[in-house]
S.K.: 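To start, I am sharing the structure in question, which I have written as structure tokens.
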Amino acid sequence: MKRVYVNEEWCLGCHLCEYNCAFSNSGIKDMVKALKGKKITPRIHVEDDGKIHYAVSCRHCEDPLCIKGCISGALSKDENGVVAIDHDKCVGCLTCMLLCPYGSITTDENETVLKCELCMQNGGIPACVQGCPNRAIVFEEVEE
Amino acid sequence: MPINYILPEFEVERNDYRCIRCRVCERQCANGVHSYDPDGDIMLSDETKCVDCQRCVCLCPTHALKIKKNDAALRTNANWKQNTILEIYKQANTGGVLLSSMGNPEPFPVYWDKILINASQVTNPSIDPLREPMETRVFLGKKPHEITRDENGNINTELPPQVELQIPVMFSAMSYGSISYNAHKSLATAAEELGICYNTGEGGLHEDFYQYGKNTIVQVASGRFGVYKDYLEAGAAIEIKMGQGAKPGIGGHLPGTKVGADVSKTRMIPEGSDAISPAPHHDIYSIEDLRQLVFSLKEATDYKKPVIVKVAAVHNIAAIASGIARSGADIIAIDGFRGGTGAAPTRIRDNVGIPIELALAAVDKRLRDEGIRQNVSLVVGGSVRSASDVIKAIALGADACYIATSALLALGCHLCRTCQSGKCNWGIATQDPELVKRLNPETGKERLVNLLTAWKHEIKEMMGLMGINSIEALRGNRLMLRGVGLNEKELEILGISHAGE
């Protein structure tokens, strides 16, 4: 399946992916309206340590620990291999957050969990990939 | 702290409604203009540090930023212009020579913009390049005076070594050191894909780039940095740099801070040491001396590589070129006074040398008058900005053009002209690894290839409308040019008629 991959060599640590992610998932058409004055809860986040930067988002694991641990059946893998969250079923226990080895699951004030679903609902090409100024984030099929 | 007399040159205008405090501007500014104050949740700017490179403007996701010329003004004075006064303040502050980068920005005439191109109408057919073949390929090097054939009719003239270019444009010399590894990689890979050449400049050739040798011109300059047998053999041609348009008559100086491990290895000088190129070649004081170096390089490479001699366009350029053409060089490269640089004394950049258009016309005419035009190819640079500049240069007599500023613009340069600071926010004129990584060479290559592919289309279209189907047939074809708003003397030097004639 096509996944989001990050090439640390080209990641500038600009954090634009986080803002593009939050905007894309806001459902609001204007970025200013969507993000102005808000604490964003992006589904991708940039790890920075001095001169090292790289963005991390859900790896859509072959055998995801988050799904195994989900107590309400809210997390599932669809036919394309995308690990998706059903917000109606999520009870906000955050077990998945504890289990995710990449720290790629987050939550917001609605108290259900948020995770990268590869922008499936937003038109196909993930917003983080489209907005990356240095092609550090790519969306591609890689032979395992 | 004593009073700083310098007015900030630019103003940062932030549309506070649009600003979402993502702090991209802060993270991307190597000059430290932007900062965030968490107490007030506001973005602050220190515009005294701004160089107007536009990095923040381009990356701001909500287009909240504008960099404007600061309109704070000293009292208007036609003689003591604001910039003149500020330069006095700067020198009084520091006691130093003023440094600048890129090409001469002063309002001298741009002759390209005063020359118009002819087109076919009624009595001579134009050519549609989409339907008919159009040759943009050129060969640079010495051409034989005559073609002879053996008894079977086969050509038996031995052709001296040539550089083959798919379009009459090359990337001119920019050293590894003055520009980054990624900028060099972008140029090298683009040159390979385009079937043209890029030029190492005087900084030697990084070991990773030997693989692009057939698309590389290796330069031998007065500092002889990185020059050894393998280097000379790696390139498609060898260029002896006698001068540079931006700073004719002076050498170069790469500060030790930019000589990191990789640059040091490539230049073959100790890490952290200043790389100083002397003003003259200490072994060249005459055309005869130049001839010795030309033939030393030919001898070293078994007479398989054409040798280019690059000079700045200066007052007696025609006589100088005539000497070079007799020195055994295969190609003469002339760099006009608007050519760029990674650092030059401002006074020299802005006041020394002559326009490339006049130099080219004078040299081509002189070499033809002396019957030695075919001894050399002519390559011109020094602000060739578009396909139409290329066409005009060829019609004035050039075999090919060198472009560098145009190439850097394609890579993201915004001509802020502060390369000398080493803090290029676009990852081009810097050796800081954090900044170098901002130029992804894959993107860089694509953008360079796009630029020259576009120029190639335009060159073909323009040749077609003149009814010309090869660069060969356009070269020196000054009847295709007319001047507008030029005086008799300028027209005489350019060898063209005025529009309407």
Side-chain angles (χ1 to χ4, degrees), chain A residues 5-55 119 122 125-140 142, chain B residues 14-30 34 36 38 40-43 53-65 180-183 185-186 208 411-412 414 424-428 430-447:
Chain A
Y5 292 95
V6 175
N7 191 341
E8 189 240 317
E9 191 179 2
W10 304 121
C11 178
L12 309 174
C14 70
H15 292 244
L16 270 177
C17 49
E18 297 177 351
Y19 288 85
N20 285 316
C21 175
F23 171 42
S24 168
N25 286 296
S26 69
I28 297 171
K29 282 204 173 118
D30 178 61
M31 191 177 213
V32 177
K33 200 173 157 194
L35 306 181
K36 179 86 183 169
K38 298 201 178 118
K39 186 180 177 300
I40 61 164
T41 49
R43 292 136 169 88
I44 186 166
H45 64 275
V46 176
E47 299 276 359
D48 294 296
D49 186 7
K51 293 188 171 178
I52 298 167
H53 319 275
Y54 54 91
C119 282
N122 305 332
I125 299 176
C128 54
V129 175
Q130 268 181 326
C132 180
N134 207 32
R135 287 197 201 167
I137 313 180
V138 294
F139 186 48
E140 52 190 33
V142 173
Chain B
R14 196 184 311 272
N15 180 328
D16 198 55
Y17 166 72
R18 288 188 172 191
C19 176
I20 57 170
R21 314 287 189 261
C22 69
R23 301 170 68 183
V24 162
C25 48
E26 181 189 4
R27 292 190 190 97
Q28 290 292 297
C29 183
H34 306 277
Y36 177 67
D41 184 36
I42 47 169
M43 292 301 303
C53 75
Q54 301 277 327
R55 179 78 182 178
C56 57
V57 174
C58 292
L59 266 82
C60 176
T62 56
H63 310 294
L65 283 169
S180 66
Y181 177 94
N182 288 338
K185 187 166 182 183
S186 305
D208 295 356
L411 292 177
H414 279 62
C424 176
N425 271 318
W426 294 93
I428 300 168
T430 178
Q431 298 302 321
D432 176 348
E434 274 292 275
L435 299 174
V436 171
K437 73 192 287 192
R438 293 185 183 181
L439 175 61
N440 184 332
E442 211 177 284
T443 321
K445 172 193 152 189
E446 265 176 39
R447 294 182 59 84

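Here is the naming used below: chain letters follow the sequence lines, and residue numbers restart at 1 for every chain.
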S.K.: Nearest 0.5 Å, please: how far is CD in E442(B) from CG in N7(A)?
M.R.: 9.0 Å

S.K.: Chain A heavy atoms under 4.5 Å from D41(B): which part of the residue, side chain, backbone, both or neither?
M.R.: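 Neither the backbone nor the side chain of D41(B) comes within 4.5 Å of chain A.
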
S.K.: Can any side-chain N or O of E18(A) pair as donor or acceptor with the backbone N or O of V46(A) at less than 3.5 Å?
M.R.: yes

S.K.: Working to the nearest 0.5 angstrom, can you tell me the gap between R18(B) CZ and M31(A) CE?
M.R.: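 CE of M31(A) is found 12.5 Å from CZ of R18(B).
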
S.K.: Let's test your reading of the structure: which of P441(B), C58(B), A64(B) forms the most heavy-atom pairs below 4.5 Å with chain A?
M.R.: P441(B)

S.K.: Of the backbone (N, CA, C, O) and the side chain (C-beta and beyond), which part of E9(A) lies under 4.5 Å from a heavy atom of chain B, both, or neither?
M.R.: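 When you check distances to chain B, only backbone atoms of E9(A) fall under 4.5 Å.
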
S.K.: For the OH atom on Y54(A), are there more than 12 heavy atoms of other groups (residues, nucleotides or ligands in this structure) within a distance under 6.0 Å?
M.R.: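 At most 12 heavy atoms, drawn from other residues, nucleotides or ligands, come within 6.0 Å of this atom.
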
S.K.: Does CD1 belonging to I28(A) count more than 12 external heavy atoms closer than 6.0 Å?
M.R.: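 Check passes, neighbour count above 12.
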
S.K.: Please look at L439(B) and chain A and tell me whether the side chain, the backbone, both or neither of the residue comes under 4.5 angstrom of a heavy atom of that chain.
M.R.: backbone

S.K.: For chain A, which of K437(B), R23(B), R21(B) has the most heavy-atom pairs under 4.5 Å?
M.R.: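 Most pairs with chain A among the choices: K437(B).
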
